[in-house]
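Below is one structure, written out as C-alpha cells, with a few remarks after it.
Every number for a ligand or one of its atoms is a count from 1 in the order of the listing.
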Amino acid sequence: MAKGVMIVAEQRDGALRKISFELASTARKLADQSGDEVSAILLGAGIEGLAAELGKYGVDKVFVGDNAALEPYVTEAHAAVTAQIVKDNDPAIVLFGASVQGKDLSGRVAAKLAGGLATDCTDVKLDGGNLVAIRPMYAGKCFGEVVFNSAPAMASLRPNVFPAAENAKAGAVTKVDVAVDAPKSKVLEVQKDTSGKVDLTEANVIVSGGRGMKGPEGYAILEELADVLKGTVGASRAAVDAGWRPQKDQVGQTGKVVSPNLYIACGISGAIQHLAGMSSSKCIVAINKDAEAPIFTKADYGVVDDLFKVVPELTAVCKKLVA
Ligand SMILES: Cc1cc2nc3c(=O)[nH]c(=O)nc-3n(C[C@H](O)[C@H](O)[C@H](O)COP(=O)(O)OP(=O)(O)OC[C@H]3O[C@@H](n4cnc5c(N)ncnc54)[C@H](O)[C@@H]3O)c2cc1C
C-alpha cells in the first residue's frame with residue numbers, strides 16, 4: 001500500500017535550492033500527522049554531501065542519484081529517474097517545487113506515472129489521511145481544493161509560500177543506482193545570470209516597476225531601493241515588452257509567480273495577469289499616481305503620488321533605518 005511523503009529536492013551548482021527546504025518542512029508536517037516517513041529524491045553529480053542538509057529539515061531518507069548524465073538538469077533523464085524511484089518506493093504523496101525546474105519536471109513525471117498532479121499549490125492538508133491540495137485558479141480570482149483518485153497524489157508547491165523550518169533528524173542516505181538511458185536531448189550551453197541578485201522566485205523583497213517608470217533609465221531608483229532592502233527588481237510585462245527590462249524579470253501570468261515577504265509595485269496598474277504573479281506576496285505596497293488603479297485593491301499599503309518623488313524618499317528613509 002502506498003505510504004509516506006516523498007519530495008523531489010532541487011539543487012543547482014552543488015547547492016540545495018531554498019524550495020528543497022520548503023518542500024522538506026511541508027512534507028514533515030504532513031507526515032507527522034499521518035505518522036509516516038519523509039523521503040527525498042536528490043539528483044545530480046557529486047551531490048551526495050547535500051543529503052545530510054535535507055535531514056536537518058525533517059527528511060528521514062534521501063535517495064541520491066549521482067550520475068554525470070544528471071548534471072546539468074535535463075528533463076528527459078531527470079523525469080525517467082524520478083519516476084523510477086517513485087515507482088520503486090510507492091509513496092502516497094509526492095511533492096515538487098512549482099519552480100521553473102519543478103514545473104518542467106512534475107508534468108513529465110506525472111505523465112509517466114499516469115497519476116494526478118495539482119500544480120502551483122499555495123496550501124496542502126490531509127483529510128482522512130488523503131492529500132488535499134489548494135491552488136489558485138482563474139489568475140488568482142478563487143482557490144480550488146484538489147483531491148486525488150490516483151496514487152501517488154502529486155502536487156507542486158509555489159516557492160516562498162511554505163515556511164522552511166529546521167527539524168533535526170539524522171536523515172539516512174540511500175544511494176540508488178541510476179541507470180540513465182542515452183538521452184535524446186542534451187544541454188549545449190547554460191547561460192547564467194551574472195547579476196549576483198537573488199532569483200525573483202526566491203527573493204524576500206521585490207521592487208517592481210511598470211510602464212510608469214517611463215523608460216529603462218527610470219529603473220535606477222528601483223535598483224537603489226532594492227539594494228538597500230537586499231531585494232531584487234521585477235517588472236510588468238509592459239516594461240518587458242518595451243525592452244526596458246529582460247524577460248527573466250517579468251512577474252505575472254506569463255512571467256514568474258513570486259511570493260516575497262514584501263512586494264513594492266511602482267507605476268504598475270495591477271492588470272489581472274500581473275496580479276496572478278504576485279498576489280500571494282505577504283505584504284504588498286503600491287505606488288501609483290492614479291488612485292483608481294486596480295493594484296490598490298490588492299495592496300496592504302498604498303501611496304497615491306508620483307513614484308519619481310516617493311521612491312527616492314522611501315530609499316532615503318530605508319537607508320537610515322538599516323544604517
Ligand atoms: C495573455 C496575457 C498575458 C499577460 N501576462 C502578463 C504578465 O505575466 N505580467 C504582466 O505584468 N502583464 C501581463 N499581461 C499584460 C497586462 O494585461 C497589462 O497590459 C500589463 O500588466 C500592464 O503593465 P503596467 O501595469 O506596467 O502598465 P499600465 O497598465 O500602462 O500601467 C502603468 C501605471 O503606471 C502609473 N503611473 C504612470 N506614471 C506614474 C508616475 N510617475 N508615478 C506613479 N504612477 C505612475 C499609471 O497610473 C498606471 O497605473 C498579459 C496580458 C495578456 C493578454
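For atom 30 (O) of ligand 1, the nearest protein heavy atom (residue, atom name, distance) is R211 NE, 2.7 Å. When hydrogens are left out, the protein atom nearest atom 7 (C) of ligand 1 is Q250 NE2, 3.2 Å; that is the closest non-hydrogen contact. Closest to atom 9 (N) of ligand 1 among all protein heavy atoms lies V251 O, 2.8 Å. The protein heavy-atom contact nearest to atom 38 (N) of ligand 1 is K214 NZ, 2.9 Å. Looking at atom 52 (C) of ligand 1, its nearest protein heavy atom turns out to be Q273 NE2, 3.7 Å. Nearest protein heavy-atom neighbour of atom 34 (O) of ligand 1: G267 O, 3.1 Å. The protein non-hydrogen atom at the shortest distance from atom 46 (C) of ligand 1 is N288 OD1, 3.5 Å. Counting protein heavy atoms only, atom 36 (N) of ligand 1 is closest to G212 CA, 3.8 Å.
Looking at K197 and D227, a side-chain N of the basic residue comes within less than 4.0 Å of a carboxylate O on the acidic one, giving a salt bridge. The existence of a salt bridge linking D32 and R28 is confirmed by a sub-4.0 Å separation between a basic side-chain nitrogen and an acidic carboxylate oxygen.
When only modelled atom types and interatomic distance are considered, N160 and K282 share no side-chain donor-acceptor pair under 3.5 Å.
For ligand 1, the atoms lying closer than 4.0 Å to a non-hydrogen atom of G252 are 7 (C), 8 (O), 9 (N). Those atoms of ligand 1 that come under 4.0 Å of a heavy atom in G255, given as number and element, are 8 (O). For ligand 1 and Q253, the ligand atoms under 4.0 Å from any heavy atom of the residue are 7 (C), 8 (O). Every atom of ligand 1 is numbered from 1 in the order shown, and the set under 4.0 Å from a heavy atom of D306 is 40 (C), 41 (N), 42 (N). Residue-ligand proximity, D305 to ligand 1, at heavy-atom distances under 4.0 Å covers atoms 42 (N), 43 (C). The T254 neighbourhood of ligand 1 comprises atoms 3 (C), 4 (C), 5 (N), 6 (C), 7 (C), 8 (O), with distances under 4.0 Å to a heavy atom of that residue.
Checking atom 27 (O) of ligand 1 against the protein gives a heavy-atom contact under 4.0 Å.
When atom types are taken as modelled, the side chain of D66 and the backbone of G46 share a donor-acceptor pair closer than 3.5 angstrom.
Around atom NZ of K186, no more than 12 heavy atoms belonging to other residues, nucleotides or ligands sit under 6.0 Å away. Atom CG of N149 sits in a sparse spot, with 12 or fewer heavy atoms from other residues, nucleotides or ligands closer than 6.0 Å.
Remark: ligand 1 and L307 share an N or O pair separated by less than 3.5 Å (distance only, no angle test). Considering backbone and side-chain atoms alike, G210 places every N or O at 3.5 Å or more from each N or O of ligand 1. For a threshold of 3.5 Å applied to N or O pairs, the pair formed by A271 and ligand 1 contains no separation below that value.
Counting heavy atoms from C-beta on, the side chains of E145 and D127 never come closer than 4.5 Å. Using a 4.5 Å heavy-atom cutoff, the side chains of C283 and Y301 are in contact.
Applying the salt bridge (Lys or Arg N to Asp or Glu O under 4.0 Å) test between K256 and each of D249, D120, D199 identifies D199 as the sole match. With respect to Y263, the side-chain contact (heavy atoms from CB on, under 4.5 Å) criterion is satisfied by exactly one of S281, S279, S280: S281.
With sequence neighbours excluded, no residue satisfies salt bridge (charged side-chain N to carboxylate O under 4.0 Å, His left out) with E53.
Through direct or relayed side-chain contacts under 4.5 Å between Ile, Leu, Val, Met, Phe, Trp and Tyr, L321 connects to V317.
Counting heavy atoms under 4.0 Å from ligand 1, residue I295 does not touch it at all.
When the heavy atoms of H274, Q247, R237, K289 are ranked by distance to atom 2 (C) of ligand 1, first place goes to R237.
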